[in-house]
2 protein chains.
Amino acid sequence: MSRASTTSDVFNALAEPRRREIVSLLARGSPLAVGELVEALDLAQPAVSKHLAVLRTVGVVSVQQVGKSRLYALNPEELKPVHDWIKQFEQLWSGQLDRIKERAERKAQERAQKN
Amino acid sequence: MSRASTTSDVFNALAEPRRREIVSLLARGSPLAVGELVEALDLAQPAVSKHLAVLRTVGVVSVQQVGKSRLYALNPEELKPVHDWIKQFEQLWSGQLDRIKERAERKAQERAQKN
DNA sequence: TTGACATATTCCGATACAGGAATATGATGT
DNA sequence: ACATCATATTCCTGTATCGGAATATGTCAA
């Protein structure tokens, strides 16, 4: 088996730094034309179009034709799965961290004894 | 340029579903031996070891030798960057979503007029 | 030290990417 | 219909995976 496709998943789509930049730019609220993203990213137009195609495939952005331009907008709901997944672990680094680590280390010690 | 290395980034490391599973399993708190992960994931041992190597390189897990086994534990703090990044967009799908979308669509309309 | 167990590493093949260059498609105004 | 602007698609090359198979490394116990 080979590496998972970038379009297989929101996680895979967002693994690419450029695509995260695009998401950040679109998160301001106003849809942006491809040309505007090209400027902002300092990247060739075909490359930007390809990144947008990936994001569109996974549903993170949507397009709207306006004159000659195509305005890309963020679909924030599509980011929620990532948020939900990572949020599971939020408590692990906030406050209770120490107690949890202690418990883990104690368990490891117990196992060390048994062997 | 080719695709970013899986070890270049926590985002890239977590793009792989199996590695996310590993993180979920370790998040319970108790460190797990490679063999235990092999069972849980129903994946061959070398494959699991390779995934663990990736996670270790980016710092998401750490190892502790206990007898013949190597117990892997989660380093939750290393997940925080992902959390922080995605949290930026949290408000976009909670409640104020409608107002934001409206604003975006209005802006798009304004631009449509201008062209 | 030898053997058994647990894990890591190397080599392999198939797959898929990211960006560059060139080209194709699409929309608009004349 | 045509020229032009904006964007998408195709082809290419270099690179990096993922998992399987085989093998190497490391740890312990007798």
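Below, read A as the first sequence line, B as the second, and so on, with proteins coming before strands; counting in each chain starts at 1.
- Residues satisfying the salt bridge (Lys or Arg N to Asp or Glu O under 4.0 Å) criterion with A:Glu21, sequence neighbours excluded, are absent altogether.
- A salt bridge between B:Lys87 and B:Glu90 is present, with a side-chain N of the basic residue lying under 4.0 Å from a carboxylate O of the acidic one.
- Separating the NE2 atom of A:His51 from the P atom of C:dA18 is a distance of 6 Å, rounded to the nearest angstrom.
- Here A:Arg19 reaches the OP1 or OP2 of C:dA18: one of its side-chain N or O atoms lies under 4.0 Å away.
- One can place CG of B:Leu71 at 16 Å from C1' of C:dA8, the figure rounded to the nearest angstrom.
- Proximity of B:Tyr72 to the phosphate of C:dA8: a side-chain N or O atom is located under 4.0 Å from OP1 or OP2.
- Put simply, CG on B:Leu37 and CD1 on B:Ile22 are 5.5 Å apart, with the number rounded to the nearest 0.5 Å.
- Taking the side chain of B:Arg70 as heavy atoms from C-beta on, and the options C:dT7, D:dT9, C:dA18, the nearest nucleotide is C:dT7.
- The side chain of B:Ser2 places no N or O atom within less than 4.0 Å of a non-bridging phosphate oxygen (OP1 or OP2) of C:dA18.
- Taking atom CG on B:Leu37 and atom C1' on C:dA8, their separation rounds to 15 Å, with Å as the unit.
- Remark: the B:Lys50 side chain and the D:dG19 base include a donor-acceptor N/O pair separated by less than 3.5 Å.
- The base of C:dA6 has none of its N or O atoms less than 3.5 Å from a complementary donor or acceptor on the side chain of B:Gln45.
- Distances shorter than 4.0 Å separate none of the side-chain N or O atoms of A:Ser5 from OP1 or OP2 on C:dT15.
- Across the protein-nucleic acid pair, A:Asp42 atom CG and C:dG19 atom P stand 12 Å apart, rounded to whole Å.
- Regarding contacts with the backbone of D:dA6, every side-chain N or O of A:Ser69 stays at 4.0 angstrom or more from both OP1 and OP2.
- Looking at the side chain of A:Lys68, the nearest of the listed nucleotides C:dT28, D:dT7, D:dT17 is C:dT28.
- Atom CG of A:Leu41 and atom P of C:dA18 are 14 Å apart (whole Å).
- Residue whose closest nucleotide on DNA chain D sits further toward the 5' end, between B:Ala47 and A:Ala47: A:Ala47.
- Between A:Arg18 and C:dG19 there is a side-chain N or O to OP1 or OP2 distance below 4.0 Å.
- At least one side-chain heavy atom of A:Leu43 sits under 4.5 Å from a side-chain heavy atom of A:Arg18.
- Heavy-atom distances to DNA chain D give each of A:Val63 and B:Glu16 a nearest nucleotide, and the one nearer the 5′ end belongs to A:Val63.
- Taking the nucleotide of DNA chain C with the nearest heavy atom to each of A:Leu43 and A:Thr6, the more 5' of the two is matched to A:Thr6.
- Here B:Leu32 contributes atom CG and B:Ser69 contributes atom OG; the two are 11.0 Å apart, rounded to the nearest 0.5 Å.
- Atom C1' of nucleotide D:dT15 and atom CZ of A:Arg3 are separated by 11 Å, given to the nearest angstrom.
- In this structure, B:Asn12 places its CG atom 13 Å from P of D:dA16, rounding to the nearest Å.
- Map B:Ala4 and A:Met1 each onto its nearest nucleotide of DNA chain C; the residue landing nearer the 5' end is A:Met1.
- The CZ-P distance, from A:Arg56 to D:dT7, rounds to 14 Å in whole Å.
- Side-chain contact annotation: B:Gln45 with B:Ser49, donor-acceptor N/O pair under 3.5 Å present.
- For B:Pro46, whose side chain is taken as the heavy atoms from C-beta onward, the closest listed nucleotide among D:dA21, D:dG14, C:dA6 is D:dA21.
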